[in-house]
Amino acid sequence: AAYEAAAVRRAAATVALTAADAARLSELASGGAKPPVLRAPRVHAVAAPFPARLPMGAISLFGDPPVVLLGSAGWLPNADSAAWFAAEVWPRVRRELPGAVLHLFGEPGAGAREGVVAHPPPAESAEAFAPRSILVVPLRIASGVRMKVLEAWARGVPVVATPEAVAGLGAEHGRELLVAQDPAEIAAAFARLHRDPALARALVAAGREALAARHDPRQVASRLAEIYEESAEAAPDP
């Protein structure tokens, strides 16, 4: 926190991916600064850019349904969520959907369970967004934006996520994705999506609308250019 506060105070402008992160950075940079802050730190919230449509993965994953969990071995929030999901949530999902198979990418330590297949990190991200699959993002510790959710929308894959995982996206339960907190809620969300393909299609369509409205790369680039110009104009003469 101290390092980030100092970095924001030194910068002509700081860009955060969410309004919550921007507010927190502003708070850090403004409070208890030594030496005192000579100007208010400028922190802007700019959404992450992402295309509204990308092709789905070409290779199918087995399972009825196939459930995908994308990890990144060594990063605590992902390792925590993968271990918790595999141990506490997945058995409940299997009771609801005996044919479901969990495809765990990049978190080998959470595998070795019934109905769980461990995969190495995909060479191309599209490999993990397979036809008929459901992406789960069960983070319990999070900040910023989960790009994997944006990619799922773009590639046509419905999403089940915890509240922590979707914070900052402006997404709503039942509109762009299903939000669930505990094992019973998460299992029920998978069952609902599996039994209602129309709902899955509607969530993906709404997710793509959100991408076009809030994450369009051209709009993001335009806003960043404005911030750069404002910062250059405000900079003192050398």
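Atom CZ of R155 sits about 4.5 Å away from atom CG of L54, to the nearest 0.5 Å. Interatomic distance, N78 CG to R140 CZ, rounded to the nearest 0.5 Å: 12.5 Å. A distance of 9.5 Å separates CZ in R146 from CG in L17, rounded to the nearest 0.5 Å. Expressed to the nearest 0.5 Å, how far CG of L25 lies from OG1 of T18 amounts to 8.5 Å. With rounding to the nearest 0.5 angstrom, the CD1 atom of I134 is 11.5 Å from the CG atom of L102.
One hydrophobic cluster, built from ILVMFWY side chains closer than 4.5 Å, cannot hold both L150 and V46; they sit in different ones. Hydrophobic clustering (side-chain heavy atoms under 4.5 Å, transitive across Ile, Leu, Val, Met, Phe, Trp, Tyr) groups L139 together with W153.
For CZ of R53, the number of neighbouring non-hydrogen atoms (other residues, nucleotides, ligands) closer than 6.0 Å is 12 at most. The environment of CD1 in I59 is sparse: at most 12 heavy-atom neighbours from other residues, nucleotides or ligands sit within 6.0 Å.
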Trace of the side-chain contact (heavy atoms from CB on, under 4.5 Å) decision for V166 with L177: CA-CA 9 Å; V166 299; L177 40 67; 3.5 Å; yes
Full working for side-chain contact (heavy atoms from CB on, under 4.5 Å) between V15 and L224: CA-CA 9 Å; V15 175; L224 289 174; 4.1 Å; yes
Would you please test E226 and R223 for salt bridge (Lys or Arg N to Asp or Glu O under 4.0 Å) and show each step? CA-CA 5 Å; E226 291 176 359; R223 178 59 185 135; 3.0 Å; yes
Give the intermediate values and the outcome of side-chain contact (heavy atoms from CB on, under 4.5 Å) for residues V160 and I186. CA-CA 7 Å; V160 173; I186 295 173; 4.3 Å; yes
Test side-chain contact (heavy atoms from CB on, under 4.5 Å) on V137 and V149; report intermediate values, then the result. CA-CA 8 Å; V137 190; V149 174; 4.0 Å; yes
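Residues R175 and G170 come closest through the heavy atom pair NH2-O, 2.9 Å.
When the options V136, L104, T162 are evaluated for a side chain to side chain contact (heavy atoms under 4.5 Å, CB included) with F85, the one that passes is V136.
Side chain of E176 to main chain of E172: a donor-acceptor pair is present (N/O by atom type, distance under 3.5 Å, no hydrogens or angles). Looking at E88, its side chain never comes within 3.5 Å of a backbone N or O of W84 through a donor-acceptor pair. The closest donor-acceptor contact from the side chain of H103 to the backbone of F62 lies under 3.5 Å.
E27 and R24 are joined by a salt bridge, as a carboxylate oxygen and a charged side-chain nitrogen come within less than 4.0 angstrom of each other.
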